[in-house]
Colleague: 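There's a structure below that I have some questions on.
Owing to the predicted nature of the structure, the values given are computational and were not obtained by experimental measurement.
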Amino acid sequence: MVTPSILTGRVFLARDAIASGLLTPDRLRSRSWQRLFRGVYADASLDVTPTIRFAAVVAFLGPPGATIAGRSAATLLGAQLGGPADPVELLIPSSALPCRHAGIVVHRGSLAEADRVEHGRIPVTSPARTCWDLACWLDPVECVVWMDRLLALGRVTAPELAALLDHRGLSGERGTRRFEKALSLVDRRAESPQESRLRVRLTLGGLRPPAVQHAIYDANGRFVARVDLAWPERRVAIEYDGLWHVGSPAQVHADRRRLSALASLGWTVLVVTSQRLRDDLPGLARELRAALRLR
């Protein structure tokens with residue numbers, strides 16, 4: 001079956017391709033094409049990236065003024081934390097007609113011109129507005145995970161977010177309290193989503209916020225280690241298991257030496273696995289509180 005050259009490597013509306021005689025309904029169901037959304041198809045040879053999906057939604061499915069927002073906006077801005085098939089988040093004007101499609105999450109609201117930028121030719125919320133929306137739409141832990149990443153990438157700065165809070169807070173805008181809470185929890189030094197989740201969940205559980213990516217030196221000023229989370233005045237630290245992995249004998253040896261060096265300086269280090277973060281955070285919190293009391 002010969003692929004129409006005009007559709008090679010392209011994303012298109014099925015109804016347009018059929019109406020123009022390029023394809024028939026039967027040919028559209030062949031392996032030559034891949035379905036992105038209802039009525040939206042692409043050449044099967046095309047590597048469909050999140051950016052291509054976002055562009056397709058804005059071009060073919062969103063109403064005028066539709067803008068990529070939320071986690072999708074954060075993804076366009078470089079925070080690659082989601083999956084390739086995650087729903088596309090779209091912000092549309094409050095007055096726009098309903099936009100209901102599988103694979104698309106629609107939010108309604110106003111968007112100032114300054115809150116809308118372009119990524120390539122795709123309209124997307126600005127980094128600061130994206131953070132505001134994340135705080136409004138996600139739970140406190142997940143919004144901080146995404147905001148930590150945007151801060152770490154330099155897409156937005158803490159002073160910019162503080163200025164946004166001042167500006168919107170003056171008018172008592174809905175979402176101000178959620179954004180203020182998120183802003184009190186973010187830290188651009190976080191190096192992984194799981195590290196952010198661990199830190200925020202412990203803090204929301206009542207523990208004092210830890211130092212992030214804390215460097216430890218010996219009495220002579222020589223660098224010993226950098227730990228994920230630390231309470232320096234108590235010499236208690238937490239390491240997420242991504243750094244304490246089982247690898248080559250040389251890596252295991254280096255990890256053990258590092259742990260021994262910290263112990264020799266009087267540090268207590270708790271190593272947290274992904275399973276424990278998922279299933280036993282209360283138990284971890286009890287151990288951490290006990291370690292802090294002992295020190």
Side-chain angles (χ1 to χ4, degrees), residues 7 9-17 28 33-151 153 155-156 175 178-179 182 193 196-197:
L7 299 181
R10 300 287 297 276
V11 177
F12 58 92
L13 279 173
R15 67 168 183 264
D16 290 348
L28 187 63
W33 316 105
Q34 53 184 318
R35 183 177 181 270
L36 305 188
F37 302 95
R38 186 181 66 195
V40 181
Y41 287 75
D43 182 352
S45 66
L46 182 65
D47 179 19
V48 178
T49 64
T51 300
I52 288 176
R53 295 178 74 239
F54 301 155
V57 167
V58 171
F60 298 125
L61 301 177
T67 304
I68 298 298
R71 285 165 290 189
S72 297
T75 298
L76 269 180
L77 294 168
Q80 304 294 332
L81 302 179
D86 284 355
V88 177
E89 290 193 78
L90 201 62
L91 179 63
I92 67 173
S94 300
S95 59
L97 293 175
C99 176
R100 300 187 182 94
H101 295 274
I104 302 175
V105 175
V106 175
H107 306 274
R108 290 177 176 272
S110 60
L111 190 65
E113 191 62 32
D115 290 340
R116 190 173 186 265
V117 297
E118 286 200 354
H119 185 279
R121 295 185 178 180
I122 304 173
V124 57
T125 51
S126 68
R129 173 56 190 261
T130 297
C131 289
W132 179 276
D133 291 337
L134 291 169
C136 291
W137 300 342
L138 300 183
D139 67 71
V141 176
E142 289 307 302
C143 79
V144 172
V145 169
W146 286 87
M147 289 172 67
D148 275 357
R149 187 60 185 152
L150 290 174
L151 284 161
L153 291 168
R155 299 295 184 266
V156 70
R178 291 178 66 94
F179 186 71
S196 294
R197 291 185 180 100

Colleague: Give, for atom CG of L151 and atom SG of C131, the distance between the pair rounded to the nearest 0.5 Å.
Modeller: 6.0 Å
Colleague: Taking all atoms of both residues into account, what is the closest heavy-atom pair of V40 and A56, and its distance?
Modeller: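 Nearest heavy atoms, V40 then A56: CG1-CB, 4.3 Å.
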Colleague: Distance check, rounded to the nearest 0.5 Å: I122 atom CD1 versus L76 atom CG?
Modeller: 5.0 Å
Colleague: Can you tell me if R10 has over 12 outside heavy atoms packed within less than 6.0 Å of its CZ?
Modeller: no
Colleague: For the side chain of R155 and the backbone of A74, is there at least one donor-acceptor N/O pair under 3.5 Å apart?
Modeller: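 No, R155 side chain to A74 backbone: no donor-acceptor pair under 3.5 Å.
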Colleague: Is any side-chain heavy atom of L90 closer than 4.5 Å to a side-chain heavy atom of I68?
Modeller: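 A side-chain contact under 4.5 Å exists here.
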Colleague: List the residues meeting salt bridge (charged side-chain N to carboxylate O under 4.0 Å, His left out) with D43, not counting sequence neighbours, and say none if there are none.
Modeller: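 None.
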Colleague: Please list, chain by chain and in numerical order, all residues satisfying side-chain contact (heavy atoms from CB on, under 4.5 Å) with R71, sequence neighbours excluded.
Modeller: E89, L134, L138, W146
Colleague: Specify the closest pair of heavy atoms between R149 and A79, including all atoms of both residues, with the distance to one decimal.
Modeller: CG-CB, 3.6 Å
Colleague: Does some side-chain heavy atom of Q34 sit less than 4.5 Å from a side-chain heavy atom of V48?
Modeller: yes
Colleague: Find the distance between CG (L77) and CG (L153) and round it off to the nearest 0.5 Å.
Modeller: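 The distance works out to 9.0 Å.
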Colleague: Where the side chain of R15 meets the backbone of L13, is there a donor-acceptor pair that is under 3.5 Å apart?
Modeller: no
Colleague: Which heavy atom of A66 sits nearest a heavy atom of P93, and at what distance?
Modeller: N-CD, 4.4 Å
Colleague: Counting C-beta onward and ignoring hydrogens, is there a side-chain heavy-atom pair between L150 and P127 closer than 4.5 Å?
Modeller: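 Result no, sub-4.5 Å side-chain heavy-atom pair not found.
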Colleague: So among L36, L28, L7, which one has a side chain to side chain contact (heavy atoms under 4.5 Å, CB included) with Y41?
Modeller: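 Output: one option passes, namely L28.
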Colleague: Among all residues two or more places apart in sequence or in another chain, which pass the salt bridge (charged side-chain N to carboxylate O under 4.0 Å, His left out) test with R197?
Modeller: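 Here the qualifying residues are E142.
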Colleague: Do the non-hydrogen side-chain atoms of H101 and P87 ever get within less than 4.5 Å of each other?
Modeller: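 No, every pair of side-chain atoms sits at 4.5 Å or beyond.
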Colleague: How close do I92 and A96 get, counting heavy atoms only, and between which atoms?
Modeller: CD1-CB, 4.1 Å
Colleague: Which distance, rounded to the nearest 0.5 Å, do you find between the CD of E118 and the OG1 of T67?
Modeller: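 Result: 9.5 Å between the selected atoms.
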Colleague: Where do L61 and R38 come nearest, in terms of heavy atoms and distance?
Modeller: CD2-O, 4.2 Å
Colleague: Looking only at heavy atoms, which two atoms of D133 and A69 are closest? And how far apart?
Modeller: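 That closest heavy-atom pairing would be OD2-CB, 4.4 Å.
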Colleague: Assess whether side chain to side chain contact (heavy atoms under 4.5 Å, CB included) is satisfied between T75 and F54, documenting all intermediate values.
Modeller: CA-CA 10 Å; T75 298; F54 301 155; 4.3 Å; yes
Colleague: Hydrogens and angles aside, do T125 and T130 bring a side-chain donor and acceptor to less than 3.5 Å of each other?
Modeller: yes
Colleague: Which word best sums up how the rings of W137 and H107 line up, parallel for under 30°, tilted for 30 to 60°, or perpendicular for over 60°?
Modeller: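 Judged by the thresholds at 30° and 60°, the geometry between W137 and H107 is parallel.
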Colleague: Rounded at 0.5 Å granularity, tell me how far CE in M147 sits from OG in S196.
Modeller: 11.0 Å
